[in-house]
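To start, the structure itself, in structure tokens.
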Number of protein chains: 2
Amino acid sequence: MARLLQEIEPAPVACCTPVVSPDISSDQAQTLAAIFKALADQHRVRIVNLLANAPEPVCVCDFMPQLGLAQGTVSFHLKKLLAVGLLEREQRGTWAYYSLKRDALNRLADVFTMKEAVA
Amino acid sequence: MARLLQEIEPAPVACCTPVVSPDISSDQAQTLAAIFKALADQHRVRIVNLLANAPEPVCVCDFMPQLGLAQGTVSFHLKKLLAVGLLEREQRGTWAYYSLKRDALNRLADVFTMKEAVA
DNA sequence: AGAGAAGATTGACGTTTCTCGATCAATACT
DNA sequence: AGTATTGATCGAGAAACGTCAATCTTCTCT
């Protein structure tokens, strides 16, 4: 379980050493904290939720009315989620579409899963 | 607790891919964000990790050397985790012992659990 | 009652975060 | 070329956060 952190890219990617794995290092704690920090805002939680329910990538212009935030602020939040590898960005002409990285989310669920044996 | 991820539903497609309707409310988003906020710090992640591996409740005095923080700061962090229901506090004489609320962690894991729909 | 010890709380200070309006870069359409 | 339009970035101000030293508060033991 603790090896999940080692196999990630040099770039920040969502995932993770389980919070329940034995003796995580300061670095690992920091990586995990960074991911939680990205989720530690009500607007970003809603973004993730909206994307989770969306069958396809969502355009930035759709987030603004949903969240009631200025365009620059929406970009700010999307960037935070992107930075930790929770989201994916795709450019289509003038528009930017964002989608959830489902596997990152799944690995995040494992972070909280308690296991007795680590084989 | 609010379920973050729901089953994927087909949504009408317009100019910019409208977002689906079954969102979580602002209140629910705020509640979730508060929990993530409690975990959005490397020291608090380590506290949870240490508690997850401890067979018994842990004394405050044990956290200080582990985290390398002043006593007041440790209390500050423990209070944050306590406030969102992740920890439990038990007074034993002069000492205060903290332990993890395992069920709270398990429910947190469910927040990320994806019910995959057939695309 | 008085002395000690553990831990919670307070006050102060520097850092980070969120927000908006404004600007900039890139793409699309006349 | 010229003009919109989308979205990223910048600058600034307000609020929230993390930290420590100092100060309670509570409990224990003489």
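Position along DNA chain C of the nearest nucleotide to A/H43 versus A/T94 favours A/H43 as the more 5'-ward residue.
Considering all non-hydrogen atoms of both residues, A/R89 and A/L82 come closest at N-CD1, 3.9 Å.
Residue pairs that meet the salt bridge (Lys or Arg N to Asp or Glu O under 4.0 Å) test with at least one member in residues 79-88 of chain B, sequence neighbours left out, do not exist here. Among residue pairs with one or both ends in residues 43-88 of chain B, those qualifying as ring pair (Phe, Tyr, Trp, His ring centres under 6.0 Å) are B/H43-B/H77; sequence neighbours excluded.
For the salt bridge (Lys or Arg N to Asp or Glu O under 4.0 Å) test, residues two or more places apart in sequence or in another chain that qualify with B/E90 are B/R92. A search for side chain to side chain contact (heavy atoms under 4.5 Å, CB included) contacts involving A/T94 returns nothing, not counting sequence neighbours. Taking A/A29 as the reference, A/I24, B/Q42, B/V45, B/R46 meet the side chain to side chain contact (heavy atoms under 4.5 Å, CB included) condition, with sequence neighbours excluded. With sequence neighbours left out, A/A109 forms a side chain to side chain contact (heavy atoms under 4.5 Å, CB included) with B/F112, B/T113.
Contact footprint of chain B on DNA chain D: nucleotides with an atom under 4.0 Å from a non-hydrogen protein atom, first to last in 5' to 3' order, D/dC17 to D/dT28. Counting 5' to 3', DNA chain C first comes under 4.0 angstrom of a heavy atom of chain A and last does so at the ends given by C/dT17 to C/dA28.
When hydrophobic side chains of Ile, Leu, Val, Met, Phe, Trp and Tyr are connected at separations under 4.5 Å, B/Y97 ends up clustered with B/W95.
Looking at residues 72-87 of chain B, you'll see B/T73, B/F76, B/H77, B/K80 sit with a heavy atom under 4.0 Å from some atom of DNA chain D.
For the side chain to side chain contact (heavy atoms under 4.5 Å, CB included) with A/L39, the lone residue among A/V84, A/L108, A/I47 that qualifies is A/L108. Checked options B/L51, B/V48, B/L100; the residue passing with B/L81 is B/V48 (criterion: side chain to side chain contact (heavy atoms under 4.5 Å, CB included)).
Using a 4.0 Å heavy-atom cutoff across all strands shown, B/R92 reaches no nucleic acid atom at all. Note on A/Y98: only backbone sugar-phosphate atoms sit closer than 4.0 angstrom, heavy atoms only; bases stay farther off. Nucleic acid contact for B/F63: none, since no nucleic acid atom lies under 4.0 Å from a heavy atom of the residue.
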